[in-house]
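Note that the numbering runs from 1 along the sequence shown for the chain. Side chains are part of it too, since the values below use all heavy atoms of this structure and drop only hydrogens, waters and symmetry mates.
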Amino acid sequence: MKPRVFLALASCLAVLGVSGATSAQDATEPSFTLKEVGPNVWAAMSNLKSSASAGANTGFVIGDDGVAVIDTSMSVDADGNLSTEPAREVLAAIRKITTLPVKFAINTHHHLDHAGANRIFADAGATVLAHRNVRAWLHSEHLRLLNTDSKPQHRAFMEALLPPTATYEQGVDLYLGSRRIRVQSFAGHTGGDSVVVIPEAQVVFAGDLFWHQIVPTLVDASTEPLIDTLGTLAKTESGATFVPGHGEVGSARDVLAFREYVVTLRTLVAEAQALRQSSEALADAVMPKLGARYSSWNGFEYAARPNILEMDAELRGKKRIPQADPAR
């Protein structure tokens with residue numbers, strides 16, 4: 001049996017085939033591909049052809065006097081070894097485009113595939129910032145996964161994680177000279193999520209609040225506020241280009257399609273509960289109905305059943321989600 005920590009880390013990565021090499025993956029492929037999604041706004045898209053694929057999409061914004069990075073990626077190989085090499089490659093890609101200093105590294109939430117390589121950018125001079133819950137949870141929510149089966153490398157990796165050194169509650173505006181970056185917190189995926197908006201370029205880095213035609217992980221999610229958040233983003237940023245945490249770049253229409261997945265999942269599970277179905281029997285009943293609409297989405301075979309079981313627990317009030325410290 002695989003160690004519990006590896007399974008937990010792979011919950012975000014296995015959906016995308018990152019947790020282990022397959023015959024379709026190639027060690028010579030880069031971990032990400034760069035796409036300019038706005039003037040001097042770049043998305044580093046996780047390359048699923050690579051056996052060392054970046055765990056999630058990241059990106060960076062170049063301003064008048066510096067650079068801001070959105071999310072710090074990592075990877076996990078077939079043996080469960082964790083690596084920050086994708087973040088080093090992102091930094092190298094930045095250096096090929098500009099010599100301006102990296103001033104900020106923003107975490108959209110605390111999950112390792114988005115915050116696991118903070119130290120790489122801090123060592124390059126960046127201030128790491130995120131919602132205050134990211135600082136509280138980066139160590140605690142990952143260290144709790146460790147058990148006697150965990151590799152020593154896993155504990156060392158978790159203990160070396162660098163939490164944000166600047167935090168906010170509702171959001172913050174950052175400036176790279178005249179270039180404004182709006183960071184705003186929203187509820188849904190973890191309870192410590194943020195989106196990063198570059199207003200003049202009409203680009204939104206949505207983190208894992210938005211997955212584009214990929215079945216998400218909902219292990220820490222609260223779906224009622226997530227549905228509200230997705231509706232708000234699609235309305236307020238209707239003309240924007242959206243960079244998801246996972247999947248290809250999309251539009252407000254794609255954000256609404258993901259919202260519809262969450263609504264459908266919630267509805268199907270509630271209907272099954274009304275018929276007094278539960279646990280594995282409930283999942284058996286819901287899977288074909290969900291699959292009729294979403295089996296073509298990437299990761300359906302890996303993540304759909306866990307989604308159903310997590311939704312069942314959430315609607316029954318039995319799901320564990322990270323809790324903010326009220327004293328903070």
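At least one donor-acceptor pair under 3.5 Å links the side chain of His139 to the backbone N or O of Leu161. Under the 3.5 Å distance criterion, the side-chain polar atoms of Gln153 are matched with a main-chain donor or acceptor of Leu82. Checked by atom type and distance alone, the side chain of Ser185 pairs as donor or acceptor with a backbone atom of Gln170 at under 3.5 Å. A distance-only check finds a donor-acceptor pair linking the side chain of Glu36 to the backbone of Asn40 [under 3.5 Å]. Here the side chain of Asp312 pairs no donor or acceptor atom with the backbone of Ile308 at under 3.5 angstrom. No side-chain donor-acceptor contact under 3.5 Å links Asn298 to the backbone of Gln213. Of the possible polar contacts, none joining the Ser279 side chain to the Ala281 backbone as a donor-acceptor pair under 3.5 Å is found. A side-chain donor-acceptor contact under 3.5 Å links Asp65 to the backbone of Gly177. Looking at Asn57, its side chain does come within 3.5 Å of a backbone N or O of Gly247 through a donor-acceptor pair. One N or O on the side chain of Ser83 and one on the backbone of Glu85 form a donor-acceptor pair closer than 3.5 Å.
Atom CD of Glu224 has 12 or fewer heavy atoms from other residues, nucleotides or ligands within 6.0 Å.
The shortest distance between side-chain heavy atoms of His131 and Asp193 does not fall below 4.5 Å. Contact annotation: the side chain of Leu129 never approaches that of Thr165 to less than 4.5 Å [non-hydrogen atoms, C-beta and beyond]. Looking only at side-chain heavy atoms (C-beta outward), Val195 and Phe205 stay at 4.5 Å or farther from each other. Between Asn107 and His114 there is no side-chain heavy-atom pair separated by less than 4.5 Å. With a 4.5 Å cut-off on side-chain heavy atoms, Lys103 and Tyr175 do not count as touching. Residues His109 and Ser194 form no side-chain contact, since every pair of their non-hydrogen atoms from C-beta on lies 4.5 Å or further apart. Counting heavy atoms from C-beta outward, Ile70 and Thr108 have side chains that approach closer than 4.5 Å. Between Glu280 and Leu309, some side-chain heavy-atom pair lies under the 4.5 Å cut-off.
Listed here is the closest heavy atom pair of Gly55 and Asp113: O-OD2, 3.7 Å. Counting all heavy atoms, side chain and backbone alike, Thr58 lies closest to Ser73 at CG2-CB, 3.6 Å. Of all heavy-atom pairs spanning Gly191 and Asn133, the tightest one is O-ND2, 2.9 Å. Here the shortest heavy-atom pairing between Phe258 and Leu209 reads CE2-O, 3.3 Å. Heavy-atom minimum distance, Val249 versus Pro244: CA-CD, 4.0 Å. Contact between Ala201 and Arg179 at its shortest, heavy atoms only, is CB-NH2, 3.9 Å.
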Take Ser295 and Phe300 through the side chain to side chain contact (heavy atoms under 4.5 Å, CB included) test and state the conclusion after the steps.
-> CA-CA 6 Å; Ser295 62; Phe300 183 87; 4.3 Å; yes

For Glu248 and Lys35, run salt bridge (charged side-chain N to carboxylate O under 4.0 Å, His left out): C-alpha distance rounded to whole Å, both residues' side-chain angles, the deciding distance at 0.1 Å, then the answer.
-> CA-CA 10 Å; Glu248 293 300 316; Lys35 178 181 291 188; 3.6 Å; yes

Please lay out, stage by stage, how Phe242 and Gln202 fare under the test side chain to side chain contact (heavy atoms under 4.5 Å, CB included).
-> CA-CA 9 Å; Phe242 282 83; Gln202 287 195 294; over 6 Å; no

Begin with the C-alpha distance, continue with both residues' side-chain angles, and end with the deciding distance and a verdict on side chain to side chain contact (heavy atoms under 4.5 Å, CB included) for Leu265 and Leu218.
-> CA-CA 11 Å; Leu265 174 66; Leu218 298 175; 3.6 Å; yes

Which is it for Ser178 and Asp64 under the side chain to side chain donor-acceptor pair (under 3.5 Å) test, yes or no, and what are the steps along the way?
-> CA-CA 7 Å; Ser178 63; Asp64 301 326; 2.5 Å; yes

Going through the distances and angles, do Gln273 and Leu282 end up as a side chain to side chain contact (heavy atoms under 4.5 Å, CB included)?
-> CA-CA 7 Å; Gln273 289 178 344; Leu282 181 146; 3.7 Å; yes

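In this structure Thr72 satisfies the side-chain hydrogen bond (donor to acceptor under 3.5 Å, both in side chains) test together with Asn118, sequence neighbours excluded. Asp254 meets the salt bridge (Lys or Arg N to Asp or Glu O under 4.0 Å) test with no other residue; sequence neighbours excluded. In this view, Arg320 and Glu141 satisfy the salt bridge (Lys or Arg N to Asp or Glu O under 4.0 Å) rule, not counting sequence neighbours. Residues meeting the ring pair (Phe, Tyr, Trp, His ring centres under 6.0 Å) test with Tyr261, sequence neighbours left out: Tyr294, Trp297. Evaluation of the ring pair (Phe, Tyr, Trp, His ring centres under 6.0 Å) rule for His110 yields Trp137, His142 as partners, not counting sequence neighbours. Residues passing the salt bridge (Lys or Arg N to Asp or Glu O under 4.0 Å) test with Asp173, sequence neighbours excluded: Arg180.
Electrostatic pairing of Lys318 and Glu310 does not count as a salt bridge here, judged by no charged N lying under 4.0 Å from a carboxylate O. Between Lys289 and Glu271 there is no salt bridge, since no side-chain N of the basic residue sits under 4.0 Å from a carboxylate O of the acidic one. Looking at Arg305 and Asp284, a side-chain N of the basic residue comes within less than 4.0 Å of a carboxylate O on the acidic one, giving a salt bridge.
Taken together through direct or relayed side-chain contacts under 4.5 Å among Ile, Leu, Val, Met, Phe, Trp and Tyr, Ile62 and Phe104 form parts of separate hydrophobic clusters. There is no path of hydrophobic side-chain contacts, each under 4.5 Å, that joins Ile106 to Val197. By the criterion of side-chain heavy atoms lying less than 4.5 angstrom apart, applied directly or through intervening Ile, Leu, Val, Met, Phe, Trp or Tyr residues, Leu174 is grouped together with Val196 in one hydrophobic cluster.
Judged by distance alone, the side chains of Asn47 and Thr33 never bring a donor and an acceptor atom under 3.5 Å apart. For Glu314 and Ser222, the side-chain atoms include no donor-acceptor pair closer than 3.5 Å. Residues Arg135 and Thr167 bring no donor and acceptor atom of their side chains to less than 3.5 Å of each other. A donor-acceptor pair shorter than 3.5 Å cannot be found between the side chains of Asp208 and His111.
Within the structure, the salt bridge (Lys or Arg N to Asp or Glu O under 4.0 Å) test picks out the following pairs touching residues 292-301 (sequence neighbours left out): Glu260-Arg293. Screening residues 121-131 for salt bridge (Lys or Arg N to Asp or Glu O under 4.0 Å), with sequence neighbours left out, gives no hits. Residue pairs meeting the salt bridge (Lys or Arg N to Asp or Glu O under 4.0 Å) criterion with at least one member in residues 157-169, sequence neighbours excluded, are Arg132-Glu169, Arg155-Glu159.
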Which donor-acceptor pairs under 3.5 Å do the side chains of residues 87-102 make with protein atoms, sequence neighbours left out?
residue, atom, partner, partner atom, Å
Glu89, OE1, Ser31, OG, 2.6
Arg95, NH1, Leu100, O, 3.1
Thr98, OG1, Leu100, N, 3.0

Donor-acceptor pairs under 3.5 angstrom involving side-chain atoms of residues 225-234: please list them, not counting sequence neighbours.
residue, atom, partner, partner atom, Å
Thr229, OG1, Ala187, O, 2.7
Thr229, OG1, Pro225, O, 3.1
Thr232, OG1, Asp228, O, 3.0

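Annotation for Ile321: hydrophobic cluster partners, listed by chain and number, are none (ILVMFWY side-chain heavy atoms under 4.5 Å, direct or chained).
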